[in-house]
Amino acid sequence: MRPPSPPLSVIVLAAGKGTRMKSQRPKVLQPLAGRPLLAHSLRAVRELEPRQTVVVVGHGANAVREALADAAVTWVLQSPQNGTGHAAAVGLAAVPDEGVTLLVTGDTPLIEAATLRALAERAGPQCFALLTCVLADATGYGRIVRNASGEVVKIVEHKDALAAHDAAALATNEINTGIMAAPTAWLRQALSRLTPHNAQGELYLTDVIAMAGVDGLAVVTAQPADAMEVSGVNDKAQLAALERAVQAREAQRLMRSGVTLADPARIDVRGTLECGSDVAIDVGCVFEGVVQLADGVTIGPNCVLRDCRVEAGAVVHAMSHLEGCVVGADARVGPFARLRPGAALGEEVHIGNFVEVKNATLGKGAKANHLAYLGDASVGERVNFGAGSITANYDGANKHRTVIESDVHVGSNCVLVAPVTLGAGATVGGGSTVTKDAPPGALTVARGKQVSIPNWKRPRKGG
Ligand code: UD1
Ligand code: MG
């Protein structure tokens, strides 16, 4: 039987400014697949179920804490930000001596829990475990320097290798991922001995590796299954490269589960997309938040769907924008439709081009096929809502509801001034401004009467 692992604490370093991002937003809040970078690292850490997770924040600390308010972590402030070694020391102040501490950078979002776990398990009272990786292009990364017998001797930062003309270090393409695990008591002591004598005038966490060797700890290394896992995000180009990698991974997952993608390179999932069987998604679609597409749903090109559910067999045509809504089975939406929060379309509803629906329920088979607005409304089954018609739901101060009962036919260019009810089977003549309830079954017309003046002479210029 394996001896029980020592208690594990995790420190996530997330205080840096991210100068290379050239952004007001703290680096760890830059979005990747719709979520902050830090949320991705924390997802992997959470799976390890550590005794404690400490997140070191500094630059934009309040914004970071607010954006991740739900995370079950201990927040620690590093101010000023004197480098990764300083950040680790500040974080360690919140961690008890016994056991092992795993240090994770907040800017390596694709790291997998399995990789972290394997690394943490290799660290022990006399053993320092370092996650390294061999990259074709090691620009910007700290380089692993090994002795003749292959033991890790130290890490040299890229900038310092350049300043010292250290050709050997620069030629090495085994890099420091920034992720490491060490016995906590020793680490605390080692960090207290760091000095800022380097190109960046900071306390480098990486300098503890040389100390480990001197102090007689074994330095063992491990590698991730995939180099992408340890890609650091320091600028917008790296952020975009990782975004494509995440999206490619998601597209593969969808296709493996049977989803038809017109082009796996042209889909963006910024949240969770759940699909039933025989779902087809055309190019250029963006899915945000939690989106559920039931069996047989078809999504046309260039649609945006955020936090919504589309029931079986429904079709969303090109260029439609859906948010916070439900689309019923076999419904037809778009092209160019907008469904806003609270839109609930029943089965076989048709919403056509340039139609906006907000906070409104539509019963089975109801149709609004062109140029209409339905806001704060209850629309019954089989209602036909004409082109150019709207519910005037807002009086400038308050919102009011419009009730349209089953089988109502609303002609074109009508204004239904809420609160108002159109009774079942009512017909509203085109061009009506309806301010009072329309009785069921009747024709209601509320517009100027048509008159014709014979022999009408148009005015003439200069006449
Ligand atoms: C660091 C490593 C480098 C490694 C690379 C991997 C050091 C000195 N260098 O370089 O060897 O190859 O990561 O991606 O450790 N941070 C703080 N407080 C600070 C400074 C940084 O919390 O005072 C945090 C940052 O928010 C970031 C992480 O530490 O999440 C790494 O900092 P960053 O500036 O990106 O270091 P790199 O230059 O990438
Ligand atoms: Mg970095």
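Ligands are counted one by one from 1 in listed order, and the atoms in each one are counted from 1 as well.
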Practice task
Please assess N359 against K399 for the test side chain to side chain donor-acceptor pair (under 3.5 Å), listing each intermediate value before the final yes or no.
Solution key: CA-CA 11 Å; N359 192 26; K399 302 271 172 70; over 6 Å; no
Handout entry: Greater than 12 external heavy atoms within 6.0 Å of K358's NZ
Key =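 Check passes, neighbour count above 12.
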For ligand 1, list every N/O pair with the protein closer than 3.5 Å, one pair per line with the distance.
unit_1	atom_1	unit_2	atom_2	d
ligand 1	9 (N)	E157	OE1	3.0
ligand 1	9 (N)	E157	OE2	3.1
ligand 1	11 (O)	G142	N	3.4
ligand 1	11 (O)	E157	OE1	3.4
ligand 1	11 (O)	E157	OE2	2.6
ligand 1	11 (O)	N176	ND2	2.8
ligand 1	12 (O)	G142	N	2.9
ligand 1	12 (O)	N176	O	2.6
ligand 1	15 (O)	T84	OG1	2.7
ligand 1	18 (N)	Q78	OE1	2.7
ligand 1	22 (O)	A15	N	2.8
ligand 1	23 (O)	Q78	OE1	3.4
ligand 1	23 (O)	Q78	NE2	3.2
ligand 1	23 (O)	G83	N	2.8
ligand 1	23 (O)	G83	O	3.2
ligand 1	26 (O)	A15	N	3.4
ligand 1	26 (O)	G16	N	2.8
ligand 1	30 (O)	L13	O	2.8
ligand 1	30 (O)	G106	N	3.3
ligand 1	35 (O)	K27	NZ	3.0
ligand 1	35 (O)	D107	OD2	3.1
ligand 1	35 (O)	N234	OD1	3.2
ligand 1	38 (O)	R20	NH2	3.1

Exercise for the section: Provide the tally of protein N/O/S atoms nearer than 2.8 Å to the Mg ion (ligand 2). Expected result: 2
Problem - From R146, R122, E151, residue fulfilling side-chain hydrogen bond (donor to acceptor under 3.5 Å, both in side chains) relative to T221 - result: R146
Practice task
Look up atom CZ in R193 and atom OG1 in T195, then write down how far apart they are to the nearest 0.5 Å.
Solution key: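 Spacing of CZ (R193) from OG1 (T195) equals 11.0 Å.
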Exercise for the section: Could you tell me how the ring of F354 sits relative to the ring of F336: parallel (under 30°), tilted (30 to 60°) or perpendicular (over 60°)? Expected result: parallel
Exercise for the section: Flag the pair T172 / V145 as yes when at least one side-chain heavy-atom distance between them is below 4.5 Å, and no otherwise. Expected result: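 Of all side-chain heavy-atom pairs linking V145 with T172, none is under 4.5 Å.
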Exercise for the section: Return the minimal non-hydrogen interatomic distance between A44 and L116, and the atom names on each side. Expected result: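 That would be CB-CD1, 4.0 Å.
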Completion exercise
On a heavy-atom basis, the closest approach of E229 and E112 is OE1-N, 3.1 Å
Practice task
May I ask you to say whether K236 pairs ionically with E243, meaning some side-chain N is under 4.0 Å from a carboxylate O?
Solution key: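 Between E243 and K236 there is no salt bridge, as every charged N stays at least 4.0 Å from the carboxylate O atoms.
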